[in-house]
Amino acid sequence: MAEDEEIYDFSTIEKKWQEFWERENTFRAEDQSSKPKYYALDMFPYPSGAGLHIGHPEGYVASDILARYKKACGFNVLHPMGWDAFGLPAEQYAIKTGTHPSVTTQANVDNFRRQIKSIGFAIDWEREINTTDPGYYQWTQWIFLKLFQRGLAYVDEKPVWWCPNLRAVLANEEVVDGKSEVGNHPVERRNLRQVVLRITAYAEKLLAGLDDLDWPDSTKRQQKAWIGRSEGAEVHFEIEASGEKLTVYTTRPDTLFGVTYMVVAPEHPLLSQLVISEKKQEVDDYVLASAKKSDLDRTDLAKEKSGVFTGSYCINPVNGEKVPIWVADYVLISYGTGAIMAVPAHDERDHEFAENFGIEIRQVIAHPDEDKEKGTLPYSGPGVMVNSGKYNGLEANICKSKIIADLEANGVGKGAVNYKLRDWIFSRQRYWGEPIPLVWVSAENYQKAKVIDGSLKDLIPENAVTTVQNGQILYALPIPSSELPLKLPEVENYQPSGTGESPLATISEWLEVWFDLETGKALSQTEPKPNGENWVTASRETNTMPQWAGSCWYHLRYIDPKNSEHLVAKDKEAYWQGPDFYIGGAEHAVLHLLYARFWHRFLYDEGVLANPEPYKKLFHQGLILGEDGNKMSKSVGNVVNPDLVIDAYGADSLRLFEMFLGPLEAVKPWSEKGIEGVHRFLRKVNRECRRSNKHLNGEETNKETLKVLHETILKVTDAIEDLRFNVAISQMMILINHLQKVESYSIDTAKILLQLLAPFAPHLAEELWQSLGEKPSIVNQPWPKARIELLVAEEITIVFQVNGKLRGQGQFPKEIDKDTVISAAKADTKVQSFLEGKEIVKEIYVPGKLVNLAVKG
RNA sequence: GCCCGGGUGGCGGAAUUGGUAGACGCGCCAGAUUUAGGAUCUGGUAUCCGUGAGGAUGUGGGGGUUCGAUUCCCCCCCCGGGCACCA
């Protein structure tokens, strides 16, 4: 036997077929096709300097298997790849070395592309996108302009992390335990001017849209919790001294009679007028102290509740009682109205506070269990109302709506809905991000812009977006889409400006412009002012967009990546719609997936898109841990480099093993020995397919082989559909083990095995397919169909149980009747030994499976 | 604290409209082949008792439903994830 033929030379094979696919454009997705479409999408990577991590391919392989399988099933498949390439690391590297982030990014992208290509994915590389490409981010900016036009973007002072030592704004993830990640310096909260997107306007739609999505339940639940819808009422309490209204939000209007004090947040606008002069010093000290507290301190539940009485009272609208008003930092200014009515008997937090300060605790909901009534406060469950005037005796839950109606009738409140969701801080004080296409002008010029006919006029939102700078109110004007992309200027220094502004603020020739109120054209003020009265002075917005921006809509750009006229052409969008499958890490359960839904829904509402939801079916692959069971990390030294794995075992082995590790969604450790196992399997396939002396022409004749083969077709097909790739692989192993044992088998059998294997180990499958005399590419062959009728054996095994325990078994023809089987079971010598001296009380027969004799005595 | 997900051999994991627990792979043991190693092949491998045939136990722990439970119900323990004063 020619030993050489059996060698599995994966390096040569993989190179050969990767070149073939590229040359033949095997995986080009057709925009005009009569075939049904299938769009498999991976969360695109941030191309880091560290290169591809072993965790990246896990999801990519999964989507690739689906893509190749669907292609075999006759679909026109789109499986694209691109780069989420704006972001901090490239900028930090630039600060350190002076290398322009675009240079770093390009090098990283090249490396990522090389690595991803080496794994042999069925990717249409003609559709590659890059969020830092002006041809791409021009559309990111275009979407922003739409949001701005519709009043969904505004500017506000918002607290951010500020590091005085670094003189820089830090992102949440750059702050570890109240210190800067770089240099370990103390950080503080500081208010900075931010561009904010009004995602809260979409809270209801984002919540309702979840119902129709085929997403992991846990992810839907997380989004639901994040949006945090609650129903209740706003109630107005009249302030005794001034007659003004203090409005609170409550989900428990049924406990209004149990209110014994009120609390306003330290930042509440009415606080200063509530404080009586004797209390002023104490309250001022308290407000100052809580302002200094970090978020962490303020949300520490273990902390004792603190607060100060303001000296003022208000009137409970349901019973006219005088209620003291306190200030306490356990009430948040950012939720509801920033003020609460406190019901210590039925709210844990209020109860704790009331006990601290000796405030009355008045029960108004009876505990349903009479005996437990004492000592079980606070009680927040359902019950009958007590101490509540005319509502006494009513079921509290049912009474809520009645009370709300009464409040409304009396003009002292109304039903209200609240969300935990906050507006989205959309600006970063950074260089390496999409410039925000706005300029700032004076009030006078703004008024002019609103009346001048031109491309600008219609893009201006109904309500002006303003900011205060050096005591002057400035107005935001959009840079119209005709002037996009607004490119990042070159900068000499990537250091933050030191004032908390972006490095862009330091480039005055970019910052200060002549701006044409008619056309939206801008020209640096280093140039002479153009003629025409519509040219005014303006300064550019210096903030850039967050990394989320580019990833909010990239799934659309793959459909039409080179379109310079539109974000995506209507006909292409109509054909491709959106991804049929989207895979990525669960860490994006909320932010990316919520932001992307927001933008997509907005574009749908604007008539740009035909569908409201971007990702119909979503899946999260699980984490791959190091061999030691810990998270892979450089410092632990347990990182597996995919390049080295491919060198040693080949891309096919890597692909196969990532899928064989365990369930796709599970967290599972890597294993060097394990990859040897699947590599061995591929070698077996290679060897069997090259043993021509075992191959027979014509159809498979061995019944046993035929049965295993069709069982394998069935199981592999079902397993792929269910994303249970580990099961599919083990079934193929069963088949090859069988083929190895039989003397000979039909060459067709080998070919079918290769077709089943092709989505998992495409290079080897192509090579062997060709060596068996077929024409490439195997990906264009129709998927094999299982013949179910072959799976039913003529003889079936039926097991005998006594009291549910296995005691024997027998072979029967498949059309056997119950009585025959039961008598056979009773006649079995082993079964008999367990029946001896006992009485059979029940005989159970599960057709074709088992007999169970229940005995007594 | 609250809300999820999970706990099956030495290891990764199969098996659920309730019906032979441990497929497949790894590791390990024995054997074949080989000058040797590697590679490959064959057989074995949950635990305990037993020379053996065989028996008992066994899917985190306890209880329940059932002829029969990894699967359904109740309580508890452990691990992982998310949220965290949201009124």
Side-chain angles (χ1 to χ4, degrees), chain A residues 3 6-7 216-222 224-226 228-230 232 248-252 255 263 265 298-303 305 328-332 334-343 346-350 352-353 380 418-422 586-587 589-590 620 622-623 629 656-657 660-663 665-678 680-681 683-684 687 715 724 726-734 736-737 740-741 797-809 830 833 840-856:
Chain A
E3 287 266 336
E6 288 191 17
I7 288 173
D217 279 339
S218 62
T219 304
K220 285 198 198 184
R221 257 193 305 269
Q222 278 183 60
K224 248 179 212 165
W226 191 263
R229 183 185 201 272
S230 77
V248 300
Y249 173 73
T250 177
T251 56
R252 294 296 302 273
T255 61
V263 184
R298 274 188 70 162
T299 56
D300 189 355
L301 283 165
K303 272 248 157 71
K305 295 227 170 350
D329 66 5
Y330 81 91
V331 170
L332 310 174
S334 51
Y335 184 78
T337 62
I340 62 155
M341 58 179 229
V343 186
H346 304 291
D347 181 281
E348 211 179 310
R349 299 150 299 179
D350 299 346
E352 194 194 322
F353 189 87
S380 57
N418 250 299
Y419 301 92
K420 290 185 199 173
L421 184 70
R422 310 280 167 81
E587 68 273 17
V590 179
H620 299 304
L623 211 62
L656 209 58
F657 186 54
F660 190 64
L661 273 172
E665 68 277 16
V667 177
K668 56 240 162 193
W670 183 261
S671 154
E672 188 72 25
K673 287 286 180 193
I675 195 166
E676 282 176 22
V678 294
R680 216 168 286 163
F681 161 69
R683 276 211 306 257
K684 270 190 218 178
R687 197 182 326 123
K715 281 199 182 172
R724 289 147 33 88
N726 53 333
V727 181
I729 295 166
S730 57
Q731 184 59 41
M732 290 189 277
M733 286 171 168
I734 291 171
I736 199 71
N737 288 347
Q740 190 175 264
K741 275 180 190 145
T797 304
I798 292 176
V799 301
F800 307 146
Q801 296 182 338
V802 177
N803 282 347
K805 285 187 179 142
L806 180 69
R807 297 304 179 194
Q809 60 178 46
K830 203 155 136 198
S833 70
I840 297 180
V841 292
K842 203 166 179 181
E843 298 171 346
I844 289 113
Y845 175 61
V846 181
K849 290 222 160 157
L850 64 78
V851 170
N852 188 13
L853 302 171
V855 300
K856 219 165 68 178

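Under 4.0 angstrom from either OP1 or OP2 of B:rA23 there lies no side-chain N or O belonging to A:Q731. Between A:K673 and B:rC26, a side-chain N or O to OP1/OP2 separation shorter than 4.0 Å is absent. The shortest distance between the side-chain N/O atoms of A:N737 and the OP1/OP2 oxygens of B:rC41 is not below 4.0 Å. The shortest distance between the side-chain N/O atoms of A:R683 and the OP1/OP2 oxygens of B:rU40 is below 4.0 Å. A close approach under 4.0 Å does not occur between any side-chain nitrogen or oxygen of A:R724 and OP1 or OP2 of B:rG13. Proximity of A:S230 to the phosphate of B:rA87: a side-chain N or O atom is located under 4.0 Å from OP1 or OP2.
Using N1 to N3 plus N6-O4 or O6-N4 for Watson-Crick, or N1-O2 and O6-N3 for G-U wobble, each under 3.5 Å, B:rU45 pairs with B:rG27. The nucleotide B:rC2 finds its pairing partner in B:rG82, both defining distances of the Watson-Crick or G-U wobble pair being shorter than 3.5 Å. The partner of B:rU40 is B:rA32, by the rule that a Watson-Crick or G-U pair needs both atom distances under 3.5 Å. Pairing for B:rC67 is with B:rG19, a Watson-Crick or G-U wobble pair whose two hydrogen-bonding atom distances lie under 3.5 Å.
Backbone-only engagement by A:K684 is indicated by non-hydrogen atom pairs under 4.0 Å involving sugar-phosphate atoms exclusively. A:K849 comes within 4.0 angstrom of sugar-phosphate atoms only, judged by non-hydrogen atoms across all strands, and of no base. Among the atoms of the strands shown, only primed sugar atoms or phosphate atoms (P, OP1, OP2) are found under 4.0 Å from some heavy atom of A:L661. If you check every strand for non-hydrogen atoms under 4.0 Å, A:I844 touches a base. Contacts of A:K741 with the nucleic acid, taken as non-hydrogen atoms under 4.0 Å apart, involve only primed sugar atoms and P, OP1 or OP2. Within the 4.0 angstrom heavy-atom criterion, no nucleotide atom of any strand lies near A:S671.
Defined by atom type and a distance below 3.5 Å, a donor-acceptor pair is present between the side-chain atoms of A:N737 and A:K684. Side chains of A:S230 and A:Y249: a donor on one and an acceptor on the other come within 3.5 Å.
When the C1' atom is used for both B:rG1 and B:rU20, the distance is 45 Å, rounded to whole Å. For the C1' atoms, the distance linking B:rG60 with B:rC77 amounts to 8 Å, nearest Å. Atom P of B:rU17 sits at a distance of 43 Å from the matching atom of B:rC85, rounded to the whole Å. Taking atom C1' in both B:rG43 and B:rC79, the straight-line distance is 38 Å, to the nearest Å. Spacing of P atoms, B:rU16 relative to B:rG22, comes out at 13 Å, to the nearest Å.
Base orientation at B:rG44 is anti, since its O4'-C1' glycosidic dihedral falls outside 90° of 0.
If you measure from atom CD of A:E676 to atom C1' of B:rA39, you get 12 Å, rounded to the nearest angstrom. Atom C1' of nucleotide B:rG82 and atom CZ of A:R221 are separated by 10 Å, given to the nearest angstrom.
Around atom CD of A:E587, more than 12 heavy atoms belonging to other residues, nucleotides or ligands sit under 6.0 Å away.
Here the side chains of A:V802 and A:K805 are not in contact, with every heavy-atom distance at 4.5 Å or above. Using a 4.5 Å heavy-atom threshold, the side chains of A:L853 and A:R807 count as separate. At a threshold of 4.5 Å between non-hydrogen side-chain atoms, the residues A:Y335 and A:K420 count as touching.
You'll find that the side chain of A:M733 is closest to B:rG25, out of B:rC67, B:rG25, B:rA87. Residue A:N726 places its side chain closer to B:rA14 than to any other of B:rA87, B:rA14, B:rC24. Distance from the side chain of A:S218 is smallest to B:rC4 among B:rC67, B:rA87, B:rC4. Among B:rC41, B:rG19, B:rA87, the nucleotide with an atom closest to any side-chain atom of A:Q740 is B:rC41. The A:Q801 side chain lies nearest to B:rG19 when the options are B:rG19, B:rC85, B:rA87.
Take A:D350 and apply the side-chain contact (heavy atoms from CB on, under 4.5 Å) test, not counting sequence neighbours, and it matches A:Y261, A:Y330, A:I340, A:A342, A:P344, A:D347.
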B/S/- contact track for nucleotides 51-58 of chain B, protein heavy atom under 4.0 Å:
----SSS-
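Going from atom CZ of A:R724 over to atom CD of A:Q731 covers 11.5 Å, rounded to the nearest 0.5 Å.
Taking for each of A:R687 and A:K842 the nucleotide of RNA chain B with the nearest heavy atom, the 5'-most of the two is the partner of A:R687. Each of A:A339 and A:F660 was matched to the nucleotide of RNA chain B holding its nearest heavy atom; the match closer to the 5' end belongs to A:F660.
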